[in-house]
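Everything on this sheet refers to the single structure shown next.
Note that the structure is predicted; figures quoted are calculated from it, not measured. For reference, positions follow the sequence shown, starting with 1.
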Amino acid sequence: MKHKAPQLCPPTIRIFGRTYIINHLRANGLGQDRMGGCDNVMQIIAIDKDQSPIEEADTTLHEVLHALCYTMKLGLDEELEEQVVSALATGVMGVLQDNREFA
């Protein structure tokens with residue numbers, strides 16, 4: 001039996017006055033090769049619950065950045081937004097991991 005650490009994320013997160021619910025699901029509930037998803041209309045962030053803690057944090061930040069792009073009306077096309085969000089989420093997580101006092 002594989003031991004799974006508890007989820008690090010709170011059950012909700014506030015983004016510019018909007019409360020997003022964070023749901024932890026199995027990966028197959030998210031679609032092929034997806035670790036998370038953000039539904040801005042319903043204000044729900046879905047996270048694959050079988051990730052390691054660092055991957056869970058990275059995925060959650062990734063989805064929060066999608067919510068920020070939407071809320072701030074950045075108007076990026078889907079491919080560009082995914083590239084920017086992926087790079088920023090992983091980059092910021094790396095800085096936070098390497099500089100705990102900054103976090």
Side-chain angles (χ1 to χ4, degrees):
M1 179 157 86
K2 181 178 166 184
H3 180 293
K4 171 66 176 127
Q7 280 87 30
L8 302 174
C9 303
T12 62
I13 188 166
R14 301 272 298 159
I15 300 172
F16 287 119
R18 295 153 180 86
T19 301
Y20 279 71
I21 296 168
I22 299 178
N23 287 335
H24 290 88
L25 309 169
R26 294 217 180 275
N28 60 1
L30 295 168
Q32 185 176 0
D33 298 326
R34 292 186 62 196
M35 298 283 98
C38 181
D39 182 333
N40 289 299
V41 175
M42 299 302 295
Q43 297 174 350
I44 297 171
I45 292 175
I47 305 296
D48 176 0
K49 70 180 191 173
D50 293 328
Q51 296 179 81
S52 69
I54 187 64
E55 291 301 327
E56 177 188 343
D58 187 288
T59 300
T60 303
L61 180 57
H62 177 108
E63 300 309 333
V64 166
L65 290 171
H66 277 301
L68 288 172
C69 288
Y70 174 83
T71 305
M72 297 175 76
K73 298 178 179 23
L74 294 182
L76 302 174
D77 70 58
E78 191 174 324
E79 185 176 331
L80 178 58
E81 180 177 321
E82 192 60 33
Q83 289 175 342
V84 169
V85 163
S86 291
L88 286 175
T90 301
V92 169
M93 284 309 305
V95 169
L96 295 175
Q97 283 292 101
D98 292 344
N99 300 278
R100 298 259 182 206
E101 68 283 0
F102 179 67

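Here the straight-line distance linking atom CG of D39 with atom CD1 of I44 works out to 6.0 Å at 0.5 Å rounding. If you take CD1 on I47 and OG1 on T59, they are separated by 6.0 Å, rounding to the nearest 0.5 Å. The distance from atom CG of N23 to atom CG of D48, rounded to the nearest 0.5 Å, is 13.0 Å. Atom-to-atom distance recorded for E56:CD and D50:CG is 10.5 Å, nearest 0.5 angstrom.
Residue pairs that meet the ring pair (Phe, Tyr, Trp, His ring centres under 6.0 Å) test with at least one member in residues 63-82, sequence neighbours left out, are H62-H66.
Contacts of T12 classified as side chain to side chain donor-acceptor pair (under 3.5 Å), with partners at least two apart in sequence or in another chain: none. Take T71 and apply the side chain to side chain contact (heavy atoms under 4.5 Å, CB included) test, not counting sequence neighbours, and it matches I15, F16, R18, Y20. The side chain to side chain contact (heavy atoms under 4.5 Å, CB included) test applied to E78 returns no partner, not counting sequence neighbours. Residues that satisfy the side chain to side chain contact (heavy atoms under 4.5 Å, CB included) test with L74, not counting sequence neighbours, are C69, M72, L76.
In the hydrophobic cluster analysis, where Ile, Leu, Val, Met, Phe, Trp and Tyr join through side-chain heavy atoms closer than 4.5 angstrom, V85 is grouped together with I54. I21 and M35 are not part of a single hydrophobic cluster, where members link through side-chain heavy atoms under 4.5 Å apart. When hydrophobic clusters are built by joining Ile, Leu, Val, Met, Phe, Trp and Tyr residues whose side-chain heavy atoms come closer than 4.5 Å, directly or via intermediates, L88 is grouped together with I45.
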For residues 94-103, which side-chain N or O atoms pair as donor and acceptor with protein atoms under 3.5 Å away, sequence neighbours left out?
{"unit_1": "Q97", "atom_1": "OE1", "unit_2": "R100", "atom_2": "NH2", "d": "3.3"}
{"unit_1": "N99", "atom_1": "ND2", "unit_2": "V95", "atom_2": "O", "d": "2.9"}

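The two residues E63 and A46 come nearest to each other via the heavy atoms CG-O, 4.4 Å.
I13 is listed as a side-chain neighbour of V64, based on a closest heavy-atom distance under 4.5 Å.
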Exercise for review: Let me see the working for L61 and V92 under side-chain contact (heavy atoms from CB on, under 4.5 Å), right down to the final yes or no.
Suggested key: CA-CA 9 Å; L61 180 57; V92 169; 3.7 Å; yes
